[in-house]
Amino acid sequence: MRRRLLAVAADLALIAYFVFALFPVAWMVVLSLKPTNELFSTYFSFTPTLDSYRTVLGAGDDQGVPFLRFFVNSLVVSLGAVALSLVIGLPAAYAAARWRFRGSENLMFTLLSFRFAPELTVIIPLFVLYQQLGLFDTYVGMVWVLQLVTLPLIVWIMRSYFSDLSPELEQAALLDGYTRKQAPQAGTVELDGADMAGVEPYDRGVAMCFESYALYPHRTAYDNLASPLRSPRHRLPAHEAHERIGEIAELLGIGALLDRQVGRLSNGQRQRVALGRVLVRPARAFLLDEPLSHLDAKLRQAMRAELRAIGAVRRTTTLYVTHDSVEALALGDRIGVIREGRMVQTGTREELWHRPYDTFVARSFGRPRINLLPGTVTPEGHFRSPDGAYELPLAVPAPPGTAVRLGLRPRDIGLGGPAGTGGGGPVLELTGAVHVTELLGRATEVTVRIGGQRLSLVVPRAEAAGLSPDHPVRLSVAPESLLLFEADRPARPGRRIST
């Protein structure tokens, strides 16, 4: 009963407030309907008339006031000033938000300070300028003055907006198929056999994790994880949502951080919360934009295994963006390599490793990177180094004199002759001298000088024991592990030559 009385009292107080707030408006309407001789009367008993409106609009017996002309003038000047300020201010605000340099904050404050300068400091220069240009009593003159006043504020306000706008959202908005007006130029994007062209993002059933986290900064980690489960489409009962959040939090190692505000979390912890917000909801596809890039090496390795397990259990299609070739090889069922916004090659990890499309794809996988030795094709069809230090009897399917590159993966090269390759087939041998060795734990990376070129290989630690700079060594490699490419061109990398 007491709660009901409090609710009624609150409603009455709200009504009283609105009556008090609207009384001046009602009084102005009443005054506008009073005859002129009764304007100062405080009584509500009068004969309503529209004479005041006729006078203002110039429709009475006297000449009236040119109200419509004043109104049109104000409308043209105000809209013109706002439009001109937006045309100039929006690009300037975007540039100020994206182009950061030393002193950019001071520059923005200086720009805003012009807004607070006394009008008398600019009135005389403007008067002289307008007199010379003949801009007195013109729309152009009034619009220009007003936009000078509004422009600094528009730049300052819109700069804050653009600064809070994630660059990833801008990149996504440029993709074909992002909206109905940006239909793909070719092909289709399908989920569960359904074409997504024309389907609103909310209805696609896609969950995305941004590299920049995109978390709610004023909420706790738990509330961020729970936000998808509170939406109308994915709402769960409180106890089920709590259990689901607990499972994902334990999986990501953030169970003890659920009550913390996002602002008190480290970058790695924030990224795990952002990833958890994606995994906690059901989805037809996951879009993960470098979700492990801010984690330390140990946690990144553990998370790769967990993500692989999650994908195997859920059988959910996942598009995973990464610059780490190890992540791509460990997680990808199919891998696509992108260069300058275009897909260069797609395939399984074995296809990209053993049959790369060009030298760019070959360099993208493997640590240390693949050795790409320059050379030319001899009249016999063999591969010869530019300085003639060595020649390999390969059947190169290219005309004599063609510039090519020979690709050798560091782990495919043996140290010490045929026994080092671990196979019983024919091998190719090279001789050189040790340039430097680098211990990699159980393995050692050895850089060898062969003529004027250097070649890296990775061998077990025991095989590299006792090696020192300038120590002569013999290398062996199986012919089937070699890759041949065209020489790189300025416009594009060299493509693989079929052998």
Side-chain angles (χ1 to χ4, degrees), residues 3 164 166 168-169 172 177-179 189-196 198-295 299-300 302-322 331 333:
R3 182 177 299 176
D164 293 336
S166 173
E168 286 85 353
L169 292 178
Y178 185 78
T179 65
V189 179
E190 298 182 358
L191 283 179
D192 295 336
D195 188 359
M196 292 293 102
V199 179
E200 294 294 338
Y202 182 78
D203 299 321
R204 294 174 185 172
V206 175
M208 182 169 182
C209 177
F210 293 96
E211 181 186 2
S212 59
Y213 322 130
L215 299 173
Y216 299 110
H218 61 287
R219 294 185 178 180
T220 63
Y222 182 92
D223 289 334
N224 274 274
L225 292 175
S227 58
L229 304 180
R230 294 169 180 169
S231 65
R233 173 158 296 188
H234 306 294
R235 188 183 302 275
L236 290 179
H239 67 283
E240 294 184 19
H242 185 76
E243 293 178 0
R244 179 65 183 154
I245 293 171
E247 294 175 3
I248 297 299
E250 290 301 320
L251 170 65
L252 300 175
I254 55 175
L257 308 175
L258 295 181
D259 293 331
R260 289 191 188 180
Q261 295 287 333
V262 169
R264 297 175 55 198
L265 301 178
S266 66
N267 287 338
Q269 293 167 344
R270 293 180 189 181
Q271 193 161 44
R272 280 180 278 169
V273 173
L275 180 59
R277 188 174 58 179
V278 173
L279 300 178
V280 78
R281 53 160 287 191
R284 301 162 70 185
F286 293 139
L287 304 181
L288 308 181
D289 184 8
E290 300 194 60
L292 307 182
S293 60
H294 294 286
L295 305 183
L299 184 57
R300 188 184 299 118
M303 284 301 305
R304 282 202 298 265
E306 295 294 348
L307 287 174
R308 186 72 180 175
I310 291 172
V313 172
R314 289 195 176 184
R315 308 292 297 175
T316 303
T317 299
T318 302
L319 185 61
Y320 189 105
V321 179
T322 179
L331 298 174
D333 297 314

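With Asn224 contributing its side chain and Tyr216 its backbone, the two residues share a donor-acceptor pair below 3.5 Å. At least one donor-acceptor pair under 3.5 Å links the side chain of Arg235 to the backbone N or O of Arg230. Between the side chain of Arg233 and the backbone N or O of Tyr202 there is at least one donor-acceptor pair closer than 3.5 Å.
Residues Ile254 and Leu225 form a side-chain contact, since some pair of their non-hydrogen atoms from C-beta on lies under 4.5 Å apart. At least one side-chain heavy atom of Arg272 sits under 4.5 Å from a side-chain heavy atom of Gln269. Two residues are said to be in side-chain contact when any heavy atoms from C-beta on lie closer than 4.5 Å; Arg277 and Cys209 fail this criterion. Using a 4.5 Å cut-off on side-chain heavy atoms (C-beta onward), Leu265 and Leu215 make no contact.
Expressed to the nearest 0.5 Å, how far CG of Leu319 lies from CZ of Phe286 amounts to 12.5 Å. Separating the CG atom in Leu279 from the CD1 atom in Ile245 is a distance of 12.5 Å, to the nearest 0.5 Å. Once rounded to the nearest 0.5 Å, the distance linking CG of Asp192 with OG1 of Thr317 reads 7.0 Å.
For the side chain to side chain contact (heavy atoms under 4.5 Å, CB included) criterion with Thr318, the lone passing option out of Leu288, Val278, Leu287 is Leu288.
Under the side chain to side chain donor-acceptor pair (under 3.5 Å) criterion, Ser293 pairs with Gln271, not counting sequence neighbours. For the salt bridge (Lys or Arg N to Asp or Glu O under 4.0 Å) test, no residue two or more places apart in sequence or in another chain qualifies with Glu240. Partners of Gln261 by side chain to side chain donor-acceptor pair (under 3.5 Å), not counting sequence neighbours: none found. By the side chain to side chain donor-acceptor pair (under 3.5 Å) test, Ser231 pairs with no residue at all, sequence neighbours left out. Listed by chain and number, the residues in a side chain to side chain contact (heavy atoms under 4.5 Å, CB included) with Leu191 are Met196, Val206, Arg284, Ala285 (sequence neighbours excluded).
For residues 253-271, no pair satisfies salt bridge (charged side-chain N to carboxylate O under 4.0 Å, His left out), with sequence neighbours left out.
Taking each heavy atom of Pro228 and Val280 in turn, the nearest pair found is CG-CG1, 4.1 Å.
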